[in-house]
2 protein chains.
Amino acid sequence: MLPCQACPLRALSDMREFTPEQLAWISRQKRAEYPHAAGDTIIAEGATDERIYTLLRGWAFRYKSLPDGRRQILNVLLPGDVVGLQAELMSASPHGVEALTEVTLCAFRRDMVWELFRDHPSLALDLTWLSAHGERLTDDVLLSVGRRSAMERMAMLLVLLYRRAASSGLKRPDGGVPFPLTQGHIADLLGLSAVHTNRVLQQLRRQGLVSLKEGVLTVGDLRALRRVADYWEQPAPRRPLL
Amino acid sequence: MLPCQACPLRALSDMREFTPEQLAWISRQKRAEYPHAAGDTIIAEGATDERIYTLLRGWAFRYKSLPDGRRQILNVLLPGDVVGLQAELMSASPHGVEALTEVTLCAFRRDMVWELFRDHPSLALDLTWLSAHGERLTDDVLLSVGRRSAMERMAMLLVLLYRRAASSGLKRPDGGVPFPLTQGHIADLLGLSAVHTNRVLQQLRRQGLVSLKEGVLTVGDLRALRRVADYWEQPAPRRPLL
DNA sequence: ACACCGCATTAACACATGTTATCGTTCCGG
DNA sequence: CCGGAACGATAACATGTGTTAATGCGGTGT
């Protein structure tokens, strides 16, 4: 089991520095590393879980669904994101979490949150930061789904995920980044049908703005893609990691 | 200026109990009460504010907008909700906040959050709870906007706001609750055009499910409305108030 | 080798929702 | 008292997006 002091995520450029004491404490709290296969349900909607997690490796997403099976993806989770934290610390999860790729989770006891707030205020603030940060991303998704055209949503999504993946250290030598979402996932994330998702994606491809095949996303013309999305980028803040 | 110990919101049935010490501390932190008129911008998008607030009286909403003016309402704020808290404690607000009615805000210094985490872990947890709870509501909005039909969204919204308003102690003797959203607001919240919002609302009216006039919402047939929304209600949790 | 299943692609068609326009009412400021 | 602005209602029309269906391809289990 990897000690947190040696966590490869800490080396990323946008990670906040922690003190050795903080790192040691976190590492002591770490209970296990759980592997999951792509497609696994990590937390089912409405389930309760003794643990909370940090995503160490791989991609996942949060979602909610309706009784008849329609599903909305709320947010894509990348390494460093917290999984399973919610307002009601000890009750049923209001959303599900599913793995997009093979995934490794660092597990902590749920009660750790109490001790963390009691004994490590600065870490508690970090945890709140992470949770609030994830929600900010969901706000952006809502803005897209509610008010942007399908084309704009798609461009937006690709720009954002390209950037997030790149800053998670996933950029490949040829400039592409891994992109494990199927068109079905994209549809559920953007609030579109799978067919229309394909139509819109084809348009972007034909215009040479993006290439997306075999799970690799390459952006041909980032400037143009941003123009389509009518989006200008804010600088990424430094983030904590628990 | 109202001392927090005497805050009328504390009397609501779904409020958590606080110790006298906690109440005294919060009350000492309270800096001012700010009034705002209906329609006022409380926090502009991208603005920075020295303070954070608790909504004491009135309705407000969080929103994000696009350069060309399209706007998405993220969430409706009712008394007891926290205003102006965000991940980047000291940076620009990623969303705006606007008053729907006359509003009164309790103001706190932003640094208070630091002291709160350092000296009052239990309150810090409450603050995190409130922030996460607000975001859960936004998740529900996203599910609606992304995956429900216009009709379902409308029914959903009315059921939820009816319930929230009622549990905030706003139910009138005739069974109605105040409903200060214009159809334009509803459209921005549900991701619809104003015209279509009106169409859908008329349908619900003609079926006798709701009445909505002069700022008062009355639900004629709650059971049927829930059926339209395909929604079954979870019990409301006990909430903290800062 | 075969059948099967998930995923991507495309076409034809249907329809929910958006757009533009007009009108009435109320309210407010000059 | 009048003019304008905000809001609500409705109609006619336009279109973006959903639905259904068929096809091909690659992987996987038997």
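Chain identifiers are assigned alphabetically (A, B, ...) following the order of the sequence lines, protein sequences preceding nucleic acid strands; residue numbering begins at 1 within each chain.
Rounded to whole Å, atom P of C/dT17 lies 11 Å from atom CE of B/Met154. Regarding B/Asp188, its CG atom lies at a distance of 14 Å from the C1' atom of D/dC7, rounded to whole Å. A/Met151 has its CE atom 18 Å from the P atom of D/dT15, to the nearest Å. What separates NE2 of B/His185 from C1' of D/dG8 is a distance of 14 Å, to the nearest Å. Following rounding to the nearest Å, A/Arg148 (CZ) and C/dG18 (C1') show an atom-to-atom distance of 18 Å. Atom CZ of B/Arg153 is separated from atom P of C/dT17 by 6 Å (rounded to the nearest Å). When the P atom of D/dG18 is taken as reference, atom CG of A/Leu190 falls 10 Å away, rounded to whole Å.
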Without placing hydrogens or testing angles, list every side-chain donor-acceptor pair under 3.5 Å for residues 73-80 of chain A, not counting sequence neighbours.
{"residue": "A/Asn75", "atom": "ND2", "partner": "A/Gly134", "partner atom": "O", "Å": "3.1"}
{"residue": "A/Asn75", "atom": "ND2", "partner": "A/Thr138", "partner atom": "OG1", "Å": "3.3"}

Just distance, no hydrogens or angles: give the donor-acceptor pairs under 3.5 Å from side chains in residues 210-223 of chain A, sequence neighbours left out.
{"residue": "A/Asp221", "atom": "OD1", "partner": "A/Arg223", "partner atom": "N", "Å": "3.3"}
{"residue": "A/Asp221", "atom": "OD1", "partner": "A/Ala224", "partner atom": "N", "Å": "3.0"}

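A salt bridge is absent between A/Arg51 and A/Asp49; no separation between the charged side-chain nitrogens and carboxylate oxygens falls under 4.0 Å. Using a cut-off of 4.0 Å between Lys/Arg side-chain N and Asp/Glu carboxylate O, A/Arg62 and B/Asp139 are scored as salt-bridged.
Residue contacts shown for A/Gly39 are absent, as no nucleic acid heavy atom lies under 4.0 Å away. Residue A/Gly215 is classed as having no contact, given no heavy-atom separation below 4.0 Å to the nucleic acid. Heavy atoms of A/Ser193 sit under 4.0 angstrom from at least one base atom.
Although no hydrogens or angles enter the test, the distance criterion places a donor-acceptor pair under 3.5 Å between the side chain of A/Arg147 and the main chain of B/Leu192. The backbone N or O of B/Ala44 sits nowhere less than 3.5 Å from a side-chain atom of B/Thr41 that would complete a donor-acceptor pair. Between the side chain of A/Ser168 and the main chain of A/Leu170, no donor-acceptor pair closer than 3.5 Å is present. Looking only at distances, a side-chain donor or acceptor of B/Lys30 sits under 3.5 Å from a matching main-chain atom of B/Leu2.
Contacts between residues 64-72 of chain B and DNA chain D, defined by a heavy-atom separation under 4.0 Å, are absent.
Applying the ring pair (Phe, Tyr, Trp, His ring centres under 6.0 Å) rule to pairs touching residues 155-178 of chain B yields nothing, sequence neighbours excluded.
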Verdict with supporting geometry, A/Glu152 and A/Arg227, salt bridge (charged side-chain N to carboxylate O under 4.0 Å, His left out): CA-CA 9 Å; A/Glu152 293 167 326; A/Arg227 210 176 312 119; over 6 Å; no
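For B/Ser65, the side-chain hydrogen bond (donor to acceptor under 3.5 Å, both in side chains) partners at least two apart in sequence or on another chain are B/Glu45. With sequence neighbours excluded, the residues that form a salt bridge (Lys or Arg N to Asp or Glu O under 4.0 Å) with B/Arg71 are B/Glu98, B/Asp188. The side-chain hydrogen bond (donor to acceptor under 3.5 Å, both in side chains) test applied to A/Glu50 returns no partner, not counting sequence neighbours. Here B/His185 pairs with B/Phe61 under the ring-ring contact (aromatic ring centres under 6.0 Å, His included) rule; sequence neighbours left out.
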Watson-Crick and G-U pairing of DNA chain D written in dot-bracket, each distance under 3.5 angstrom, with | for inter-strand partners: ||||||||||||||||||||||||||||||
Tabulated below should be each protein N or O lying under 3.5 Å from an N or O of nucleotides 27-30 of chain D; please produce it.
none

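For A/His196 and A/Arg199, the side-chain atoms include at least one donor-acceptor pair closer than 3.5 Å.
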Annotated protein contacts, base or backbone, on nucleotides 9-16 of chain C with a non-hydrogen cut-off under 4.0 Å, one of B, S, - each: SBBB----
Per-nucleotide protein contact string for nucleotides 24-30 of chain C (B base, S sugar-phosphate only, - none; heavy atom under 4.0 Å): -------
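When each of A/Ile42, A/Val97, A/Asp40 is checked for a side-chain contact (heavy atoms from CB on, under 4.5 Å) with A/Val103, only A/Ile42 meets the rule.
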